[in-house]
Structure formats: C-alpha cells, structure tokens
Amino acid sequence: MFVLAWALFNAVAYHVPLYLFGIDHLDVASLGAGVTLLTLFILVVALTALFTGVIASIVPRLVKPLCMAMAVANAIALYFVVTYGVVLDETMMGNTFNTDPAEVAGLFHPWMLVYVFCLGIVPCWVLLQIKVTHTPFLKRLAMPIAVSVFTLCWAYGASQSWLWIDKHAKHLGGMVLPWSYVVNGGRYLAGNAAPYERRLLPAAHFVSNEKKVVFLVIGESARARNFSLYGYGRQTNPALSKAGATVFKKARSCATYTTASLECILAHQEPGARAMWEPLTSYLQRHGVEVTWRTNNAGEPAMDVRHFERLGDVKADCTEEACDHDEGLLRGIEARIAASNQQRILVVFHLEGSHGPAYNVRYPSRFNVFTPVCASVQLHQCSIDELINAYDNTIVYTDFVVGQAIDMLKRLQGYSTSLIYVSDHGESLGEFNLYLHGTPLSIAPDVQKDIPLILWDSSAAHSNANATSIVEGEFSHANVFHSVMGAFGMRSDIFEPELNLFSPENHQ
Ligand SMILES: [Zn+2]
C-alpha cells in the first residue's frame, strides 16, 4: 500500500509539465485525448510502483530512504523543467555533467529552495512519519505483479494512444521523473565511460610558405537573428559592420548544445556516434602550427596543443572588470605572437558569449546598451523585452570582442591574417515557451540552430575596405575545419576545398 501511495503521489506531484505537454499537443475535446492522458498517468504510476515494489520485495528497509532521495531529486529536476522548459534527455544530462560549479551558481535562484522545500523536504517529513508495516515476501511480490497485469491490460485497451505516445516518446521520456534523469544520466555516462581512442588524421603538407596567423573565435549561444549583420532591427554589430567582414547568411549548427557543437566545429566530417578522429587543433599542432586554445567556457574535447589556457590563467593579477569577461582572453596574445618565431599560428578563443540564463552578467557594465535588462535567472519572470535587452547586450559585447581581435590582426606586422567567428548554437528567448538551448535537434526551433558565421581576411580587407560582403547559400559547422586548413594552405587527403570559406569560388 505504501508503495502504491508513493507511486500515486509521484505521478501527481512531479508530472504537471508532462500532462500540460499532453494537453498542449492533443485535441483535448476528444475522448481519445482523455484516454491518452490517463494512459500517461497510469504509465507513470506503474513505472514507479514497479520499481519501488521490486526494491521493497528484495530489501524492504531501502524503500523509505529511496523515496526520500527521489523526492528531493525530483523537486530539483521539476524546477528546471518548469523554469526553463528543458527536457531531461540524454544530451541534456550530458550537459548537466559538463556544467561547472560557476554555472550552477548562475542557475541558482531562491525559487529553487521553494521547490525543494515544498516538494522535497515536506514529502520527506511525511515519509518519516509513516510507519511501514512489513508484509511477508510473497505478499510483497503480489503488488508489482498486480500492477504489471493491470498496466498491460490498460495498455492493450488504450492501444490508440500508442501512436501519439510513441511519436512524442523522446519528449515525454524527458519529463517522467525520476526516470528521465536516472536513465538518461546513466545512458550518457555509459556512452562516455567507454574509452575511445581518437585516430590520427592523414599526414598533411603546406602549399604556402607565407607567415600566417588565424584566429578562430567560437561564440556561445549567439543566434543569427539578433545580429544586425543578419538583418536584426537593432544595432548589435557596431564593430563588425565596419570591419570589412564577410557574412554567411545561412549557417546552421550541427547540434544545440556546446559539447556536441564543439566536436563538429573541430571535426573534418560529421562526427559519428562516437567521435573518433583527432580534432582540428591537435591535427594542426602535430603539423607544426603553434596552437593556443583560450577558453572562458567549457566542454572542449581533449586536445594536444601548445597552450591550453583558461581565462583565470590569462587574467593573472588583473583586477579590471574587463579581465573577468571575454575580452580578457585577448590579453597578451599580441605580444606572444610578436615575440614568436613561428611561421603558422592558430589561436582559438572560446567565448562565454551569450551563456544564459544570466545574460546580464556576461558583459562589463559599460555594455549595458539596451535597458532595462532582466536581472533574474528565472527567465519567465522578466518581461520579454528585458530578457531580449540583456541578450542583445551580450551580442553587442561579443561584437566588440571580435572587433578587437580583428584590430589586433590588422596591427600584426609581417603576417597574413584571417579570422573566423562562429557560434556553437543558437538560443531560445521565449519563443514557443522555450528558453536557453539543448532541445533535441530534430524538434529544435530554428533560433537554436541558425548561427552567425563571419569571416575576416587581411588580403580581402585591402580590396573591399570596410564594406561588408554578404554570401548567400547554405553553410554549417562543417565549413570551419576546411576553412582553417585552407587559410594555412594545408593539404591532405581529407581536405575538401569546396568547404573552404576563404576561397571566393565557394561564395555562390
Ligand atoms: Zn553552447
């Protein structure tokens, strides 16, 4: 009885978003919709009752602590599902494991305590008050069996619901607590724990002997729609619009979350189920290019490069506000290159960019261009205008940082120089009631996939001065690897010249 009561409570207390999703996506007036919703409810109850029931049959003493742990974890998970509209699928759990403590602090909000208290602590207290009477083993076994039989009968009777449930399985599965985070977290870890070796790419040679510096700037959650260079009504690109850049109008990310996008950006071909090739940076370093990776972010794959530096390392004793933000990544690079005797240099800047939900803390205060801004991590508590103001300020700041990088390249003596700016993925700002990113790619809205892809090249800069060139046609993360190879005049069997953005013949 205790187990059944717990299963019912779990299904009622933590699954409101699941039913709301059902109500949103079903023709509610019809009888079938009611049956489907009821099926969902029964499935959730059965799943919990079965799991807890089996545990109860084997180790009765474990049941209470298990339920209490579930209550607290569910409360936290529910907070994220409700607040950010996230779906706790395998990739989202992967993101969770890759989140660093500073990001967690950024997500923290007093409302979370309310969830934990009401749906975590209070149920725990109630659980403690309940006296569970231990029944004989055979009797304990009866409940799970009865639940299974009932569920199977129901499922058979409600067969018309299956099509709908199957269609939305991925989405629904991500909202069923605690299974979403337990199962998908386990899946992610299992997939990740399996060690895989990165195979080396084929030997390469250089067809050019010019001294070359390439900057690759990887943005975070920057969506093309909010760039004035991509037609946005606000001036969010004051620097880049004067830099003489080339703008690739239609560019798509290959994923909607950072780690997967970084794999693509650094891969010579679409990564398979397990990325197995060495990343661009290791490939170049192995062929004598001096590679520096500077990050104010996380999620990069393991790589073998000359310098791997975090903002904290670069910042040293600098106490200025700017040193805590993306522009701090540029510190000392100019001097390092000037002092270097290397012929070929690649510097990657992995920006924090527009990392949500606390957009307002991603830029120094002098970039508070659009006001008032949303200062809460509870995005739906801000007006949509405040949210977009804060987000747009992050774009203006990114524009400034990329502009500074271009200015630095312009100042470099004796090198031919190129820069690529690309975002890892886009961002949802409340469209379809979605926030942030990480929606499964197959159902993700365009705003999470349409990314800015911008090039600057010292040789082109002479010919078109400060005017922006716009390139139509479709581009993606797949272009980055081959463009960097192309910029260095590097050739090998895997080089695909038609993906090199630096050759004008590819600008249809
Ligand atoms: Zn990202």
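Whatever order the structure lists ligands and atoms in, that order sets their numbers, starting from 1. Only a predicted model underlies this, so the values are computations on that prediction, with no experimental measurement involved. Quick note: residue numbers are just sequence positions, from 1.
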Ion pair check, E352 and R294, cut-off under 4.0 Å: no
Can S423 and E220 be counted as having a side-chain donor-acceptor contact under 3.5 angstrom? no
Give me the number of protein N, O or S atoms whose distance to the Zn ion (ligand 1) is under 2.8 Å. 5
Does NZ or CZ of R366 lie under 6.0 Å from the centre of the six-membered ring of F400, at an angle within 45° of the ring axis? yes
Taking all heavy atoms of L453 and all of L501, pick out the closest pair and write down the distance. CD2-CD1, 3.7 Å
Does this structure show an ion pair linking K315 with D324, if we count only N-O contacts that are shorter than 4.0 Å? yes
Other residues, nucleotides and ligands only: do more than 12 of their heavy atoms fall within 6.0 Å of CD on E320? no
